[in-house]
Structure formats: C-alpha cells, structure tokens
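Encoded as structure tokens, the structure appears first; notes follow it.
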Amino acid sequence: MTQTKKTTTFIKERTTNDFLVVNKTFINDEKLSWQSKGVFIYLLSLPEDTPVSLKDLEQKATNGIDALRTAIKELQQKAIEVIETTNYG
C-alpha cells in the first residue's frame, strides 16, 4: 500500500516591505523544532523571486552548517510549501 505524504501549504502575504503576515499554524506545530521555525520564517521573509541556495544559507547560519541542514531536512520531511501572494490594498 502506497502512503501519500501530506503536504502543508502556507500562504504568505506581503503588506509592505518591512512586514510579513503569515498563518501561525506552523509556529504552533509541536513537531517542528524552534530552529526549523526560524529558518522557515527567514525564507518567508525573503523578497519575491530571491534565489535561495544552501551555500548562501550556510554563510548566514550562526549555529553551524549541520544545524542548518537538519532544519532544512525537517522542513522538507514535513512537506512544507510556500505560496506567495501580494496584497497592497
């Protein structure tokens, strides 16, 4: 029997350049580490169409490359997707 992986979709809404409005469902997810939540918020905060590479993230990581890789793997295992919308009204 094939098991289908559940995907959680988060929609981020940019209201101005300095604010980010997100659904707090993942923040309250006790299965995600604080580290993964922080990485996810950082990724959500990046400007639209910003290319993201592990190498760039590693340069910004202050708690080490292994910790960053663990956080990213955790987010991937949780099957988190991000859909961006723009709302300037």
Side-chain angles (χ1 to χ4, degrees):
M1 180 169 157
T2 305
Q3 186 176 1
T4 304
K5 194 172 193 176
K6 183 180 176 185
T7 301
T8 304
T9 302
F10 291 93
I11 300 174
K12 66 178 184 175
E13 180 180 325
R14 293 193 181 274
T15 55
T16 71
N17 289 335
D18 296 329
F19 294 93
L20 176 68
V21 178
V22 295
N23 183 310
K24 64 181 182 177
T25 303
F26 82 95
I27 294 171
N28 295 320
D29 187 340
E30 295 176 0
K31 295 178 184 175
L32 281 177
S33 68
W34 285 107
Q35 178 174 292
S36 292
K37 293 173 187 181
V39 169
F40 189 54
I41 285 289
Y42 172 75
L43 293 172
L44 287 173
S45 74
L46 294 173
E48 187 176 337
D49 298 327
T50 299
V52 177
S53 72
L54 188 56
K55 183 177 179 179
D56 290 336
L57 292 175
E58 287 173 350
Q59 292 174 353
K60 293 175 174 66
T62 60
N63 55 343
I65 294 168
D66 291 335
L68 174 64
R69 289 175 187 255
T70 299
I72 291 173
K73 184 176 180 180
E74 185 179 344
L75 292 171
Q76 290 171 333
Q77 288 174 344
K78 189 70 174 170
I80 291 179
E81 290 182 359
V82 179
I83 299 173
E84 183 161 355
T85 65
T86 304
N87 179 6
Y88 297 103

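Positions are given from 1, in the same order as the sequence printed here. Heavy-atom basis, side chains included; hydrogens, waters and symmetry copies ignored.
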Please report the shortest heavy-atom distance between Glu74 and Ser36, naming the atom on each side.
-> OE1-OG, 2.7 Å
To the nearest 0.5 Å, what is the distance between CG (Leu32) and CD (Gln77)?
-> 10.5 Å
Does the side chain of Leu43 come within less than 4.5 Å of Val39's, by heavy atoms?
-> yes
Evaluate the side-chain proximity of Ile65 to Leu54: yes if any heavy-atom separation is below 4.5 Å, no if none is.
-> no
So if you build clusters from Ile, Leu, Val, Met, Phe, Trp, Tyr with side-chain heavy-atom gaps below 4.5 Å, do Phe40 and Val52 land together?
-> yes
Indicate yes or no: at least one non-hydrogen side-chain atom of Tyr42 is less than 4.5 angstrom from one of Lys60.
-> yes
Nearest heavy-atom contact between Ile41 and Phe26 is CD1-CZ, 3.5 Å
Closest contact, heavy atoms only, Lys37 versus Ile27 | NZ-O, 2.7 Å
For Gln35 and Thr70, test the side chains for any donor-to-acceptor distance below 3.5 angstrom and give the result as yes or no.
-> no
